[in-house]
Number of protein chains: 2
Amino acid sequence: MTTMSNRYQSDSGRKRPTMKNVADLAGVGIKTVSRVVNDEPGVSEATRQRVMRATEQLQYQLDITAGSLKRSGRKTQSIGLLLPSVSNPFSGEIHRAMEDALAVRGIAVFAASLDDDPDRERKLISAFLGRRVDGLVLTTIAKSQAYMIPEHSRDLPLVFVDREPAGIEADAVVTDNEIGAAKAAAHLIQHGHTRLAYLGDRTDIQTAGRRRTGFLDGVGKAGISTSGVAVRENLHDEETAFRAAHELLTSENPPTAVFSSQNLVTFGAMRALRALGLHHKVALIGFDDFTLADMMDPGITVIAQHPERIGKLAAERILARIDGDESPAQTYVIPTELIQRGSGEIRPQADAGK
Amino acid sequence: MTTMSNRYQSDSGRKRPTMKNVADLAGVGIKTVSRVVNDEPGVSEATRQRVMRATEQLQYQLDITAGSLKRSGRKTQSIGLLLPSVSNPFSGEIHRAMEDALAVRGIAVFAASLDDDPDRERKLISAFLGRRVDGLVLTTIAKSQAYMIPEHSRDLPLVFVDREPAGIEADAVVTDNEIGAAKAAAHLIQHGHTRLAYLGDRTDIQTAGRRRTGFLDGVGKAGISTSGVAVRENLHDEETAFRAAHELLTSENPPTAVFSSQNLVTFGAMRALRALGLHHKVALIGFDDFTLADMMDPGITVIAQHPERIGKLAAERILARIDGDESPAQTYVIPTELIQRGSGEIRPQADAGK
DNA sequence: CTGAAAGCGCTAACAA
DNA sequence: TTGTTAGCGCTTTCAG
């Protein structure tokens, strides 16, 4: 036993020291160590010093996961964040904003990528639940999140970002997709366009559907028949978007203005316009801003979202729920912003008509 | 007691069920439940079925954090990933590659942003250690990581990404910065340039220093005096890079080719070249590839890195260390690739000389 | 094939 | 101001 405790006299020990080791070295009870390392009151300055010294000598690190086992509320000080992909810039911004807001409370974040795959969604949620996260913030893809009702009713805080949940009532923080897309339609029409095209993402992605609806509504409200709008959907990457745009632009009655519902689609459309030498002739507005959009030729007009605001608000909501906020679930809508850079202000060409 | 256990007969219970609850419902011992949920052998098919049924009925979720308390090796099945920023695309790619490689082993990742701030580095490492991560993968900024020696000698697996550690021996996975930068120098010189400029990031960032060294070495090896190379450093964002580039290009004896050590610096340089109408006259090569580089006018020639490969290899190394690999620490170098897109192939202009 | 007992590192509740 | 006891949910050990 003496040898055993001697192993903790120096910091070269192999095993990680426990509270008990610190207590023994400082000659106090274990609860006193707990009070000191948790900054709880009720410890004399003298003992506090002794304990601190022992802590440093042993390089002691409080095990917060062990503590959470018995702590009231069993908080693990961690949350799970499920995103389309951590490598996606939009997701990255949300992630970063959340991290900053949660760090001040000492909450760490587990991040994972769903790849818009319902199977992954279930598995990753399960993996996080097994780690007893204090809450979940997620961008879901499954048709319904009703399968989470049992967890939610067990007081698992839930906040949806970018997409609203289906089949379950929970907070959500989303972009104003409809209005943003409608703004794009209005802007194009205001610049004289009547032959419009909508290039959209997978129809099972909620935001894509809303942008489509918003765009067509905007067209309709301007008194233009929506049946004349060329709609191409289920474009999930640059390549398919390029092909769809190329086909549309070389068709018999090509659009004079294009709206793309997402960055990759915007990129595909940009490439098609270039390939056909139409980038200064056909208007383009993309949903979601991107790096260097202003450096393109022409600059790309976009409906910008605010991922930092989404992330910050989502963090605030999950914290409120963790702290026991029981108010009814609510959806928070973050407005978009039309940024004019040139491509969206191109007017229909005289010779473009049939 | 009867009321108590009845609360777990249905899945509408408020509290999260424990193994004991499942055991009671299935009429078996707790250890049997443990065996079933952990897929351990030695349980008859009949009992296994009974336990599974109870598990589903109660919506039981194994608490892996509680289990790790006593499990041999005390593995928490989680690792900590410290990046410059989760919102940085390069970091995002590394993150994603690691996530994919670790997911197959059921390891979750805590991600955090350091902002190249040594204070944050210490605090975040500490936060992760407190959660008893099985390993740490990090892009550090502090001058020395010697302060982690105690932890490392306590068998905490450590892998450095993008930057090599100082003051401690540990695995590292880095880009071939020197050779990549030297390639840029050789490429520019090969295209006839002799008046070169180097625009670099903060000098306390290891990769920046190495790219500078590599670039100057490359210049020297080509038989050109390095004293003629205009060097501007400590450019950490687009704005400062823009100003430095602008100043350089409007100086008395301006460079005919520019090398920028990092994306934001590249963007600043691109803007300066445009502002001065020199984008088709002065050559530019940027270190690190970026989205839409090929869509710029001219396309931007870059020294591309391979963040996915870095992330994948880093994940493999941390897994090997977690599994007990005791071989000497090693640095793995991932090669770069010169991608010609136009900006790097511009020749010095006849009228550009003095 | 199954289960009872001990205890992982810590905090809550209560004593002293 | 301090310490003792019980026990969080699980895995280990070891006995049936």
Side-chain angles (χ1 to χ4, degrees), chain A residues 4 8 13 15-52 54-55 58-77 129-134 154, chain B residues 4 8 13 15-52 54-55 58-77 129-134 154:
Chain A
M4 186 62 185
Y8 295 101
K15 253 189 76 196
R16 211 175 272 285
T18 71
M19 235 176 214
K20 182 74 169 61
N21 298 316
V22 177
D24 290 351
L25 178 58
V28 298
I30 177 175
K31 179 70 231 207
T32 300
V33 177
S34 172
R35 289 199 179 91
V36 172
V37 298
N38 286 296
D39 263 322
E40 281 168 29
V43 183
S44 75
E45 193 47 36
T47 31
R48 177 174 299 274
Q49 291 296 335
R50 282 230 309 295
V51 172
M52 297 275 267
T55 303
L58 301 183
Q59 294 261 6
Y60 172 72
Q61 257 279 2
L62 176 64
D63 184 332
I64 114 159
T65 65
S68 75
L69 213 51
K70 186 105 208 263
R71 197 190 339 266
S72 60
R74 311 199 65 253
K75 298 282 186 281
T76 55
Q77 306 271 82
L129 291 179
R131 284 174 178 85
R132 296 298 187 267
V133 292
D134 296 338
R154 263 175 202 148
Chain B
M4 185 62 185
Y8 296 100
K15 255 189 76 195
R16 209 176 273 284
T18 70
M19 233 175 214
K20 181 74 170 59
N21 299 316
V22 177
D24 289 351
L25 178 59
V28 299
I30 176 176
K31 177 72 236 205
T32 300
V33 177
S34 172
R35 288 199 179 91
V36 172
V37 298
N38 286 296
D39 264 321
E40 281 169 30
V43 183
S44 74
E45 193 47 34
T47 32
R48 178 174 298 274
Q49 291 297 335
R50 280 231 309 296
V51 171
M52 298 275 265
T55 302
L58 300 183
Q59 294 262 3
Y60 172 72
Q61 256 278 359
L62 177 64
D63 184 332
I64 114 160
T65 65
S68 74
L69 213 50
K70 187 119 185 67
R71 198 190 342 266
S72 61
R74 312 198 66 254
K75 296 283 187 275
T76 55
Q77 306 273 80
L129 291 178
R131 285 175 177 86
R132 296 296 186 268
V133 293
D134 295 339
R154 262 175 203 150

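Below, chains carry the letters A, B, ... as their sequence lines are ordered, and counting in each starts from 1.
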**Item:** Distance in angstrom units between B:K15 NZ and D:dC8 P, rounded
**Value:** 8 Å
**Asked** Counting only non-hydrogen atoms, which of residues 44-52 of chain B are less than 4.0 Å from DNA chain D?
**Response** none
**Asked** Just how far, in rounded Å, is C1' of C:dG9 from CD1 of A:I30?
**Response** 7 Å
Could you go through nucleotides 12-16 of chain C and list every protein N or O atom that sits under 3.5 Å from one of its N or O atoms, giving the distance for each pair?
{"unit_1": "C:dA12", "atom_1": "OP1", "unit_2": "A:S72", "atom_2": "N", "d": "3.4"}

**Request:** Give the minimum heavy-atom separation between B:Q59 and B:P17, together with the two atoms involved.
**Result:** O-CG, 4.2 Å
**Request:** Would you mind telling me which of D:dG9, D:dT11, D:dT2 lies closest to the side-chain atoms of A:T32?
**Result:** D:dT2
**Message:** Rounded to whole Å, please give me the gap between NZ in B:K20 and C1' in C:dA5.
**Reply:** 14 Å
**Prompt:** Would A:D39 and A:R48 count as a side-chain contact (heavy atoms from CB on, under 4.5 Å) if you check the C-alpha gap in whole Å, the side-chain angles of each, and the deciding distance to 0.1 Å?
**Reply:** CA-CA 10 Å; A:D39 263 322; A:R48 177 174 299 274; 4.0 Å; yes
**Item:** Taking every non-hydrogen atom, the tightest pair across A:N21 and A:R16
**Value:** ND2-O, 4.5 Å
**Message:** Could you tell me how far apart A:L129 (CG) and D:dG9 (P) are, to the nearest whole angstrom?
**Reply:** 16 Å
**Asked** Is a salt bridge present between B:R132 and A:D63, judged by a nitrogen-to-oxygen distance below 4.0 Å?
**Response** yes
**Item:** Verdict with reasoning, A:Q49 to A:V43, per side-chain contact (heavy atoms from CB on, under 4.5 Å)
**Value:** CA-CA 10 Å; A:Q49 291 296 335; A:V43 183; over 6 Å; no
**Complete:** Testing C:dG3, D:dC10, D:dT11 for proximity to the side chain of B:S34, the answer is D:dT11
**Message:** Whole angstroms only, please: what is the CZ-P distance between A:R132 and D:dG9?
**Reply:** 9 Å
**Message:** How many whole angstroms separate atom NZ of A:K75 from atom P of C:dT11?
**Reply:** 16 Å
**Request:** Kindly give the heavy-atom pair with the smallest separation between A:N38 and A:L62, and that separation in Å.
**Result:** OD1-CD2, 3.5 Å
**Request:** Determine yes or no for a side-chain-to-main-chain donor-acceptor pair under 3.5 angstrom, with B:R131 supplying the side chain and A:Q77 the backbone.
**Result:** yes
**Considering all heavy atoms, the nearest A:K75-A:S68 contact** = O-CB, 2.9 Å
**Asked** In whole Å, what is the span from the CG atom of A:N21 to the P atom of C:dC8?
**Response** 11 Å
**Request:** Classify the nucleic acid contact of B:I64 as base, sugar-phosphate or nothing, counting any heavy atom under 4.0 Å across all strands shown.
**Result:** nothing
**Prompt:** Looking at A:T18 and A:Y60, what are the two nearest heavy atoms and their distance?
**Reply:** C-CE1, 3.6 Å
**Message:** Using C1' atoms of five pairs at each end, report the bend of the helix from C:dC1-D:dG16 to C:dA16-D:dT1 rounded to 10 degrees.
**Reply:** 30°
**Prompt:** Between B:T47 and B:V28, what is the shortest heavy-atom contact and its length?
**Reply:** CG2-CG1, 4.3 Å
**Message:** Between B:R50 and B:A26 (side chain of the first, backbone of the second, donor and acceptor by atom type, cut-off under 3.5 Å), is there such a pair?
**Reply:** yes
**Request:** Could you tell me the separation between the CZ atom of A:R74 and the P atom of D:dG9, rounded to a whole number of Å?
**Result:** 5 Å
